[in-house]
Amino acid sequence: MTDWQEKEQKYYMPVYKRTPLTIVRGQGARVWDENGREYLDFVAGWAVNSLGHCHPAVVKAVTEQVKTLIHTSNNFYNIPQMKLAELLVQNSCLDRVFLCNSGAEATEGAVKLARRYGHLHLEGAYEVITATGSFHGRTLAMVSASGQSKFQQPYIPLPSGFVNVEYNNIEAIKKAISGKTCAVMLEPIQGEGGVNLPEKGYLKAVQELCQQSGILFILDEIQTGIGRTGSLFAYQQFGVEPDIMTLAKGLASGIPIGAILAMEEASVFATGEHGSTFGGNPLASTAGYSTLKFIIDNNIADNAIHMGKFLADGLNNLRQMFEFITDVRGLGLLQAMEFDDDIANRLMLTCLDGGLLVNVLKDNAIRLMPPLIIDKDDIDRALAILEKALSGIKV
Ligand SMILES: *Cc1c(COP(=O)(O)O)cnc(C)c1O
């Protein structure tokens with residue numbers, strides 16, 4: 001254990017299961033540790049570094065902004081905030097934007113917005129229906145929204161107003177909708193919950209049900225958005241349009257940011273009803289604008305389709321070779337590999353030894369989410385390291 005890792009044990013709250021690696025530098029799809037050893041990064045800061053580490057376009061824009069204006073309060077106008085808001089609206093089905101600082105803050109704000117809508121248009125309806133296995137963040141309310149008891153149990157009693165129903169079950173949502181319901185909130189693909197894909201027609205059916213019931217359809221695209229799945233937003237591939245959408249992870253290359261987007265009809269916050277000190281400040285907005293602009297102008301989502309297919313083909317090849325691989329699933333550059341035994345942690349450590357970072361998704365599954373700028377050579381390298389690691393695993 002290095003000095004820094006010992007300091008972590010002494011000074012930091014032990015909430016993270018850490019991998020024994022201290023990252024000191026990153027460039028593109030690679031990071032380096034204290035000893036100068038290089039690793040191929042298929043974690044990408046939990047799907048945050050969409051353009052890889054320290055992308056020149058983002059570094060340039062952020063460096064100039066840092067020297068010009070880092071922060072102003074939101075009772076003044078600032079240019080980067082408006083540039084990012086305009087770009088988001090021009091490239092999505094939504095009409096208005098609110099910027100905050102993290103994913104949980106975005107989903108929590110989306111729920112507040114849905115409750116305002118309920119107060120104004122649905123006779124005070126306030127309940128939000130969410131799915132089992134979902135993940136919407138770590139604030140008390142979002143822990144309550146997330147349909148996973150491991151996040152909820154340590155903190156009961158939880159804020160009320162959420163109903164968790166079975167994922168991929170349209171009847172369960174139908175049954176749960178009542179006069180108290182103001183919205184349904186789903187991830188297009190459940191990320192943290194296991195890279196769980198929606199069954200064909202599920203999201204469309206949910207949107208139609210929401211329309212019929214006059215309630216809001218919220219999509220949490222914090223993990224799936226910004227090109228990750230092969231389109232700028234995942235909803236585009238499922239033939240649906242949310243009334244409210246949240247973004248965060250891949251939006252600003254790692255400068256903290258979150259965003260709530262809403263259709264005009266759902267954009268019901270009045271002056272003073274919501275806000276944020278740091279949200280949409282010039283620095284974070286510049287990071288978001290330069291990241292998103294580069295992704296759009298250079299068709300990076302297209303690369304995520306092609307490289308995602310290349311990666312998925314490679315993973316499926318491995319599945320043919322190793323019978324203890326029980327599933328390979330995902331969309332674009334959000335891929336998971338599942339095993340018939342709890343080998344994910346050991347496999348992750350073996351990959352680390354081989355110079356590849358992968359994410360332990362569950363005891364029996366790993367997740368691969370490289371930067372969206374990844375190329376075939378790097379995927380081939382990663383697959384070779386993974387194959388070697390799999391060969392060495394005795395189940
Ligand atoms: C990561 C994530 C969040 C929470 O984001 P934070 O920035 O960690 O608060 C919420 N929803 C989804 C779908 C996520 O993947």
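Along the sequence shown, residues carry numbers from 1. Both ligands and their constituent atoms are indexed starting at 1 by order of listing. Just so it is clear, the structure is predicted and the values come from calculations on it, not from any experiment.
Residue contacts with ligand 1: Ile222 is placed with no nitrogen or oxygen under 3.5 Å of a nitrogen or oxygen of the ligand (distance criterion only). Polar contact with ligand 1: present for Asp220 (N/O pair, distance under 3.5 Å). Distances between N or O atoms of Phe135 and those of ligand 1 include at least one value under 3.5 Å. At a 3.5 angstrom cut-off on N or O pairs, Gly103 counts as close to ligand 1.
Ring geometry, Tyr16 versus Trp46: the interplanar angle falls from 30° to 60°, so the pair is classed tilted.
Per-residue contacts place Ala104 under 4.0 angstrom from the following atoms of ligand 1 (heavy atoms of the residue considered): 4 (C), 5 (O), 6 (P), 9 (O). Of all atoms in ligand 1, numbered sequentially from 1 with element shown, those under 4.0 Å from a heavy atom of Gln223 are 15 (O). When each atom of ligand 1 is checked for a heavy atom of Gly137 under 4.0 Å away, the hits are 4 (C), 10 (C). For ligand 1, the atoms lying closer than 4.0 Å to a non-hydrogen atom of His136 are 10 (C), 11 (N). When each atom of ligand 1 is checked for a heavy atom of Lys249 under 4.0 Å away, the hits are 1 (C), 2 (C), 3 (C), 14 (C), 15 (O).
Within 6.0 Å of atom CD in Glu123, 12 or fewer heavy atoms from other residues, nucleotides or ligands are found, so the atom counts as exposed in its surroundings. By the neighbour-count criterion of 12 heavy atoms within 6.0 Å, atom CD of Glu6 is densely surrounded, having more than that number from other residues, nucleotides or ligands.
For the pair Ala29 and Ile373, the tightest heavy-atom approach, listed with the atom from each and the gap, is N-CD1, 4.4 Å.
With a 4.5 Å cut-off on side-chain heavy atoms, Arg96 and Val89 do not count as touching.
Under the 4.0 angstrom criterion, atom 9 (O) of ligand 1 counts as having a protein heavy-atom contact.
Two rings, from Tyr202 and Tyr167, have their centers less than 6.0 Å apart. Taking the six-membered ring for Trp and the full ring otherwise, the centers of Phe135 and Phe151 sit less than 6.0 Å from each other.
Remark: Arg138 is not positioned above the aromatic ring of Tyr155, lacking an NZ or CZ atom under 6.0 angstrom from the ring centre and at most 45 degrees off the axis.
Neither the backbone nor the side chain of Glu105 has a heavy atom within less than 4.0 Å of ligand 1. At a heavy-atom cutoff of 4.0 Å, ligand 1 is contacted by no atom of Ala248, backbone or side chain. In Glu187, the part holding a heavy atom less than 4.0 Å from any atom of ligand 1 is the side chain.
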Kindly determine whether Gln190 and Ser134 satisfy side chain to side chain donor-acceptor pair (under 3.5 Å), including the steps that lead there. CA-CA 6 Å; Gln190 294 187 333; Ser134 64; 5.0 Å; no

